[in-house]
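Since the structure comes first, as structure tokens, the remarks are kept for the end.
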Amino acid sequence: MYHDFNYEATLASSLRAQWQLDDVLRDDQDLDFTRNFMPESLARTAAVSSLNPFEQRILNQISAHQYLAIFGVVEEFILPFLVDHARPHLMGDDWRIRAILNFASEEAKHIHLFKRFHQAFVRGFPVECQMIGPSEAIGAEVLRHDPLAVGLVILMIEWMTQAHYLGSIRDDGDLDPLFKSLMKNHWVEESQHAKLDTLIVDALAEGRTEEQLDKAIDEFFEIGGFLDDGLKQQAHFNMDALEKAIGRKVEDRDAIIAQQHQAARWTYIGSGMVHERFKASLESLSPRAAERIAEAAPIFA
Ligand SMILES: [Fe+2]
Ligand SMILES: [Fe+2]
């Protein structure tokens with residue numbers, strides 16, 4: 001076995017680590033717009049040399065708005081996936097059903113928390129930032145795929161939040177403390193989700209032939225390509241918001257869009273694809289699956 005995760009221990013850790021919405025952001029708390037919100041390792045906004053430091057910070061905050069929007073979208077398809085997965089097991093192992101329902105309940109709380117951060121962002125930011133969606137339509141497109149492919153996408157997302165938090169503490173401390181706390185608290189609960197999703201993926205893959213697994217990886221790539229198109233569209237929206245916020249057109253608009261799209265690819269896809277634990281799950285499913293995903297990973301670096 002490539003891991004020692006089990007439902008009972010994971011549920012116990014989850015219950016110990018749980019936090020409430022107000023512990024992370026109260027309704028009346030404001031974000032500090034004099035600071036960056038996103039770690040540079042993810043936003044890559046300090047690398048945009050045609051913008052001055054003030055404009056780079058605006059773009060960094062727009063990148064944080066994107067974080068709230070993208071996580072809002074993905075958590076909204078994780079929740080129905082979990083509920084669907086839980087339903088056939090309602091009468092089975094008590095630890096398993098409690099762990100999965102708790103996982104679903106925590107994701108519902110995360111959706112709520114991301115919305116609360118979004119409201120705080122809108123209150124403090126000078127212009128409206130458009131976001132891709134509606135999330136129901138994105139969710140429906142993702143969820144029409146093989147549950148194993150969806151489970152793998154979710155597993156990749158769960159592990160990537162670990163890299164996001166580590167990225168945010170590695171940065172030099174200039175980040176808005178509330179946004180940093182969002183990353184930290186999300187990571188705390190996601191680290192248990194990643195274990196549960198590992199068990200869910202193992203269960204969904206059980207008994208599949210090599211050919212069926214290969215087909216599931218095809219669908220994993222379909223979902224990845226679909227999400228990547230969304231990131232590209234979002235990079236255009238982000239540039240529109242930047243130009244509105246700074247009150248001028250930027251000359252190298254297309255180059256910045258491409259650079260920011262690449263940053264988003266790393267943040268929302270690549271950083272999960274190369275995570276050791278995600279790779280271990282793939283390896284145990286099928287070495288060929290692991291190989292196919294490793295080959296694609298550099299595109300998302
Ligand atoms: Fe979450
Ligand atoms: Fe999660």
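Just follow the structure's listing: the first ligand is 1, and inside any ligand the first atom is 1. Counting begins at 1 with the first residue of the sequence.
The main-chain N or O of Leu11 is never found under 3.5 Å from a side-chain atom of Gln192 such that the two would form a donor-acceptor pair. Judged purely by atom type and a 3.5 angstrom limit, Arg116 uses its side chain to pair as donor or acceptor with the backbone of Leu25.
Taking the N/O/S atoms of His110 in turn, the shortest distance to the Fe ion (ligand 1) belongs to ND1. Distances from the Fe ion (ligand 2) to each N, O or S atom of Glu107 single out OE2 as the nearest. Looking only at its N/O/S atoms, Glu158 has OE1 as the one nearest to the Fe ion (ligand 2).
His193 lies close to the Fe ion (ligand 2), since one of its N, O or S atoms is found at a distance under 2.8 Å. Checking Glu190 against the Fe ion (ligand 1), an N/O/S atom falls under the 2.8 Å cut-off. In summary, an N, O or S atom of Glu75 is located under 2.8 Å from the Fe ion (ligand 1).
Contacts of His85 classified as side chain to side chain donor-acceptor pair (under 3.5 Å), with partners at least two apart in sequence or in another chain: none.
With respect to the salt-bridge test (charged N to carboxylate O, under 4.0 angstrom), the residues Lys279 and Glu276 qualify.
Grouping the Ile, Leu, Val, Met, Phe, Trp and Tyr side chains by contacts below 4.5 angstrom, directly or via other members, places Phe54 with Met239.
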